[in-house]
There are 2 protein chains.
Amino acid sequence: MTEQAATTGAGAEPAATARGAQTRQLILDTALRMFKEHGYAATSMRAVAREAGVAVGNAYYYFPSKEHLILRFYDDVQAEHRAAAAPVLAGSTEFADRLAGVLHAGVDTNAPYHAFATSFFKVAADPDSPLSPFSAESAGARQASIALFAEALDGSTIKVDAQLREELPELMWLAYMGVILFWVHDRSPGQRKTYLLIDRAAPLLARLITMSRLPVLRPLIREALDLLRHLRHRT
Amino acid sequence: MTEQAATTGAGAEPAATARGAQTRQLILDTALRMFKEHGYAATSMRAVAREAGVAVGNAYYYFPSKEHLILRFYDDVQAEHRAAAAPVLAGSTEFADRLAGVLHAGVDTNAPYHAFATSFFKVAADPDSPLSPFSAESAGARQASIALFAEALDGSTIKVDAQLREELPELMWLAYMGVILFWVHDRSPGQRKTYLLIDRAAPLLARLITMSRLPVLRPLIREALDLLRHLRHRT
DNA sequence: ACCCCTCCTTGAACGCGTTCAACTTGAGCC
DNA sequence: GGCTCAAGTTGAACGCGTTCAAGGAGGGGT
């Protein structure tokens, strides 16, 4: 369950021999440990190389940039997120609860890293960065995350307009990105405002989604979905 | 009209003598010109100093960081935005037109810098950066921008729930930030997808806002506004 | 044994943003 | 003129991410 979503999107990074694969793994493990201990910005490539006992150029032989080193981190966090969300997905069929539960789990999973989430959030915000949640490189973790929201939806008893239902998992993921954006800026103690947002917005969204089948709102929804489809694809 | 919103939020940067003020202005002008010509990331502090005929340390005597140099840029762009929005604000009383017009004007104003907007968008996304649209340092430009949306609302004939009306200018500004976020990621030629988003989402929002007075939606709006008020303030 | 040749590894070097101890400038005062 | 002192100015230096020419390691072919 934790292994299924390896970073396959990024293409072949060199590791042709056993020796190579070993060095690669050593560098990756060292870097991830140091990122978790001291944060992204505070961990220099020189420090990673020193700690791993290799030359700094060697790290760049396996990873195109410091940013790429953290991509694996995404997969780790995603797997943790899934695990943390499992109880609520097994325990309730109420849409609002399931959505709030998955969002809660997501924030909880990221919570230990809030202090330095800031320092790599800025690089994740760069559209050209592989760390961008919209990038091709992070497609693996993104798809896994969207699947998690699809699961939250499918296991619920909520009645949803058929066309909306199709797009909803991705929209829920987008809302999750919004929550993360809020969370990164949230300076309240323990980021309790983020939890307030989740707990109160989830029932609101559930009611809005239920209402999507009402004659007054249906044309609006249709129009919005049509727009969404026009905007989604690249170019 | 263009001068009223000077960067007063940032506090006193040194310029006690006439000579000092002159050097300060020289560095600022040089930097802004080079940013516009070559982009933010491609313009180094050394290059700015060389071009301005001063030492790099001198630039840091007047500006705490490279980021602070671009703050003035925000005010410039904001003033341009206001000017570009003037025609539509004078010409229509339809809310959707006015909102779309102001958003259009905003994107148009930023359009020349799309290529390198990317390179300082990442620093603007950092919550701790003075360049963040939510920062204290950019409060001046932000307030001016919100005022522009208030103007768009006030000059329209739309009927809005009284409580919603109070929050709407800030919500419109927030939507504008969302549009900018989309625009930065928009790789379609001429960013035409961003314009599509504006032109189709504005009437949608107008209809949704009009509906906010309907009995079905009113409780939802009230709940959402209450949540918003809880979330707004720091801490 | 020797030579290839690919894979891997090295560390000095580059340009960046930023810092700081040392220096110069010039107005106000005697 | 000479002194003082804050304001302004300098450029070498630091650590950063990243690059690259140079060289080692080791398996296969002869």
Inset, instruction - Would you check if F35(A) and K66(A) make a side-chain contact, meaning some heavy-atom pair closer than 4.5 Å? - result: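 SC-SC contact between F35(A) and K66(A) confirmed.
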Inset, instruction - Indicate whether OP1 or OP2 belonging to dG8(D) is found under 4.0 Å from a side-chain N or O atom of T23(B). - result: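 Answer is no, no contact under 4.0 Å.
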Inset, instruction - Would you tell me if any nitrogen or oxygen in the side chain of T17(B) comes within less than 4.0 Å of OP1 or OP2 on dG8(D)? - result: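 For dG8(D), OP1/OP2 do have a side-chain N/O of T17(B) under 4.0 Å.
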Inset, instruction - Do nucleotides 13-18 of chain C as a string where each nucleotide becomes B, S or -: B if the base has a protein heavy atom under 4.0 Å, S if just the sugar-phosphate does, - if no protein is that close. - result: B--BBB
Inset, instruction - Establish, from distance only, whether the side-chain atoms of E67(B) and S129(B) form a donor-acceptor pair under 3.5 Å. - result: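 On atom types as modelled, these side chains qualify, holding a pair under 3.5 Å.
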Legend entry - Qualifying residues under salt bridge (charged side-chain N to carboxylate O under 4.0 Å, His left out), relative to D126(B), sequence neighbours excluded: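 Salt bridge (charged side-chain N to carboxylate O under 4.0 Å, His left out) list for D126(B), sorted by chain: K122(A).
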Inset, instruction - Taking salt bridge (charged side-chain N to carboxylate O under 4.0 Å, His left out) as the test, write out the residues that go with D226(A), two or more places apart. - result: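 In terms of salt bridge (charged side-chain N to carboxylate O under 4.0 Å, His left out), with neighbours along the sequence ignored, D226(A) is linked to R200(B).
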Inset, instruction - Any chance you could lay out the salt bridge (charged side-chain N to carboxylate O under 4.0 Å, His left out) test for R82(A) and E151(A), step after step, and finish with the verdict? - result: CA-CA 10 Å; R82(A) 173 170 289 270; E151(A) 209 175 303; 3.1 Å; yes
Can you check the [X] [atom1] to [N] [atom2] distance for me, whole Å?
X: Y61(A); N: dG24(D); atom1: OH; atom2: C1'; answer: 13 Å
X: R24(A); N: dC7(C); atom1: CZ; atom2: P; answer: 16 Å
X: N58(A); N: dG23(D); atom1: CG; atom2: P; answer: 18 Å

Inset, instruction - Could you tell me which residues satisfy side-chain contact (heavy atoms from CB on, under 4.5 Å) with A49(B), sequence neighbours excluded, listed by chain and number? - result: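 Residues passing side-chain contact (heavy atoms from CB on, under 4.5 Å) with A49(B): V54(B), V56(B).
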Inset, instruction - Can you establish whether the number of heavy atoms outside Q143(A) located under 6.0 Å from its atom CD is more than 12? - result: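 Yes.
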Contacts under 3.5 angstrom, residues 101-111 of chain A side chains, donor-acceptor by atom type, not counting sequence neighbours:
from    : atom 1 : to      : atom 2 : distance (Å)
H104(A) : ND1    : D199(A) : OD1    : 3.4
D108(A) : OD1    : Y195(A) : OH     : 2.5
T109(A) : OG1    : A105(A) : O      : 2.6
N110(A) : ND2    : G106(A) : O      : 2.9

Legend entry - Angle between terminal axes - the helix from dA1(C)-dT30(D) to dC30(C)-dG1(D), 5 pairs each end, rounded to 10°: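 Computed from the C1' atoms at both ends, the axes differ by 30°.
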